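Keep in mind that what you see is a predicted model, and the values were worked out from it rather than measured. All values below were derived from every heavy atom in this structure, side-chain atoms included, with hydrogens, water molecules and symmetry-related copies excluded.
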Amino acid sequence: MKNKNYLAPIIVIGSHRSGTSMICRFLENTGVFMGIKKESNNESVFFQNLNHWILNTSSARWDSPDNIQYLFANKDIFDLTVDYLKHIVNSHHIKSYLGLYKYLKNRSLTRLTFPWGWKDPRNTYTLPIWLEIFPNAKIIHVYRHGIDVANSLIKRHNKGVSVAKHLHNKRKYLYNIVKKKGGFVDSILCSNIEDGFNLWEKYIRKSFELENKIHNKFLNIKYEDFLYEPEKHLIKILEFCHLEVDSEKIKQVCQSVNKNRSLAYKEDKNLVEFSEIVKDRLSKFNY
């Protein structure tokens, strides 16, 4: 008989730069395990690598995700993908997510008795596969104003270019010995406001499509609303996830919220002008 205390994961979705990292940190601070090994954006490296693999099977990427439709359309490959991942989440590979102690105690991600989950923007596109493996998962969708998202993507791109130039000049002599692995930046598709906004639009549209299919297991969190009333929305998240946290702890973890991050694009004349150009597209998502 299946142990009723086994808990399904909390899966956080939403486009890059939308506040998913912030929500992930709040979940961790209120007792949700989000992985022993995470990268700089608070994403579990274990699930990040699996999502990368899933997208790669259909020549898709986080910045060009549409090709994943071919994976979903091919039942044989879809079933093989699901079966493979079911094996992985019940194998020793999960040590990189759980850590050695939790792995030895649990041995499987389908037999965890503590609150757990992960966040990765690519979950937005790979979610149908994860729901085959974890059908009772709770889905939290975090979304933010498209202009702020696009501008943040540009800033991240420009920072990456600056670092790439520095390293290139420093390591140029090494290329005579060892060829460079990978490109100079993770993506060159979000270097301007139009392309960044287009990518945000893809992600948010896909997320709302998912909500229509699994609305009973789906919670939308608007980034700006969370910044304005963090305690109210954190309580909403905790109730959705069936987590009990005392009010003092909630107040404590919400003290770090910076309300000034809301609608930051309004401080930039060029971004305000662009928002007027795309206002009809924004309005479809209540902006």
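Scored by the side-chain hydrogen bond (donor to acceptor under 3.5 Å, both in side chains) test, Asn106 finds no partners at all (sequence neighbours excluded). Shown here are the salt bridge (charged side-chain N to carboxylate O under 4.0 Å, His left out) partners of Asp268, two or more places apart in sequence or in another chain: there are none. Partners of Asn220 by side-chain hydrogen bond (donor to acceptor under 3.5 Å, both in side chains), not counting sequence neighbours, listed by chain and number: His141, Glu211. Take Ile177 and apply the side chain to side chain contact (heavy atoms under 4.5 Å, CB included) test, not counting sequence neighbours, and it matches no residue. Residues passing the salt bridge (charged side-chain N to carboxylate O under 4.0 Å, His left out) test with Lys138, sequence neighbours excluded: none. By the side-chain hydrogen bond (donor to acceptor under 3.5 Å, both in side chains) test, Thr57 is found to be paired with no residue, residues two or more places apart in sequence or in another chain being considered. Shown here are the salt bridge (charged side-chain N to carboxylate O under 4.0 Å, His left out) partners of Asp120, two or more places apart in sequence or in another chain: Arg122. With sequence neighbours left out, Asp186 forms a salt bridge (charged side-chain N to carboxylate O under 4.0 Å, His left out) with no residue at all.
Side-chain contact annotation: Asn67 with Ser59, donor-acceptor N/O pair under 3.5 Å absent. Side-chain contact, Asn90 with Ser108: a donor N or O sits under 3.5 Å from an acceptor N or O.
Between the Ser275 side chain and the Val272 main chain, a donor and an acceptor come within less than 3.5 Å of each other. The closest donor-acceptor contact from the side chain of Ser18 to the backbone of Ser15 lies under 3.5 Å. At distances below 3.5 Å, at least one donor-acceptor pair connects side-chain atoms of Glu39 with backbone N or O atoms of Asn42. Formation of a donor-acceptor pair under 3.5 Å by the Ser91 side chain with backbone atoms of His93 is found in this model. In this structure a side-chain-to-backbone donor-acceptor pair under 3.5 Å is present from Asn123 to Val12. The closest donor-acceptor contact from the side chain of Lys119 to the backbone of Gly14 lies at 3.5 Å or more, if one exists at all. The main-chain N or O of Tyr203 is found under 3.5 Å from a side-chain atom of Ser207 such that the two form a donor-acceptor pair.
Both Leu98 and Ile11 sit in one connected hydrophobic cluster of ILVMFWY residues. Membership requires side-chain heavy atoms under 4.5 Å apart, directly or through other members. A continuous path of Ile, Leu, Val, Met, Phe, Trp and Tyr side chains, each step under 4.5 Å between heavy atoms, connects Leu27 with Val257, placing both in one hydrophobic cluster. A single hydrophobic cluster is seen to contain both Trp116 and Leu104, as judged by linkage of ILVMFWY side chains at heavy-atom distances under 4.5 Å, directly or through other members. Hydrophobic cluster membership differs between Ile214 and Ile10, with clusters built from Ile, Leu, Val, Met, Phe, Trp and Tyr side chains linked at under 4.5 angstrom.
Judged by the 6.0 Å and 45° rule, Lys222 forms no cation-pi pair with Tyr228.
The two atoms that bring Ser187 and Arg61 nearest to each other are CB-NH2, 3.8 Å, heavy atoms only. The two atoms that bring Phe78 and Leu71 nearest to each other are CB-O, 3.6 Å, heavy atoms only. Across all non-hydrogen atoms, the minimal contact from Cys190 to Leu199 is SG-CD2, 3.5 Å. Contact record, Leu131 with Ile139: CD2-CD1, 4.2 Å, taken as the closest heavy-atom pair. Residues Arg144 and Trp200 come closest through the heavy atom pair O-NE1, 2.9 Å. The two residues Ala60 and Pro65 make their nearest non-hydrogen contact at CB-O, 3.9 Å.
Side-chain contact between Asp195 and Leu189 is absent, with no heavy atoms from C-beta onward closer than 4.5 Å. Residues Glu43 and Pro121 meet the side-chain proximity criterion, which asks for heavy atoms closer than 4.5 Å.
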Distance-only check: which donor-acceptor pairs under 3.5 Å involve side-chain atoms of residues 145-155, not counting sequence neighbours?
unit_1 : atom_1 : unit_2 : atom_2 : d
His145 : ND1    : Ile147 : N      : 3.1
Asp148 : OD1    : Ala264 : N      : 3.4
Asp148 : OD1    : Tyr265 : N      : 2.7
Asp148 : OD2    : Leu263 : N      : 3.3
Asp148 : OD2    : Ala264 : N      : 3.1
Ser152 : OG     : Arg17  : NE     : 2.8

Using residues 245-254 as the side-chain source, report each donor-acceptor pair under 3.5 Å to any protein atom, sequence neighbours left out, with the distance given to one decimal.
unit_1 : atom_1 : unit_2 : atom_2 : d
Asp246 : OD1    : Glu248 : N      : 3.1
Asp246 : OD1    : Lys249 : N      : 2.8
Lys249 : NZ     : Asn29  : O      : 3.4

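The list of ring-ring contact (aromatic ring centres under 6.0 Å, His included) pairs with a residue in residues 44-66, not counting sequence neighbours, reads His16-Trp62, Phe47-Tyr97, Phe47-Trp118, Phe47-Trp130, Trp53-Tyr84. The stretch residues 76-87 participates, sequence neighbours left out, in these salt bridge (Lys or Arg N to Asp or Glu O under 4.0 Å) pairs: Lys75-Asp79.
Using cut-offs of 30° and 60° for the angle between ring planes, the Phe208 and Phe285 rings count as parallel.
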Given Val161 and Val185, is the side chain to side chain contact (heavy atoms under 4.5 Å, CB included) satisfied, shown in steps? CA-CA 6 Å; Val161 171; Val185 292; 4.0 Å; yes
What verdict does the salt bridge (Lys or Arg N to Asp or Glu O under 4.0 Å) test give for Lys279 and Glu276, after you've listed the backbone C-alpha separation in whole Å, the side-chain angles of each residue and the deciding distance to 0.1 Å? CA-CA 5 Å; Lys279 63 181 181 181; Glu276 284 298 311; 3.7 Å; yes
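Taking a cutoff of 4.0 Å between a charged side-chain nitrogen and a carboxylate oxygen, Glu28 and Arg25 do not qualify as a salt bridge.
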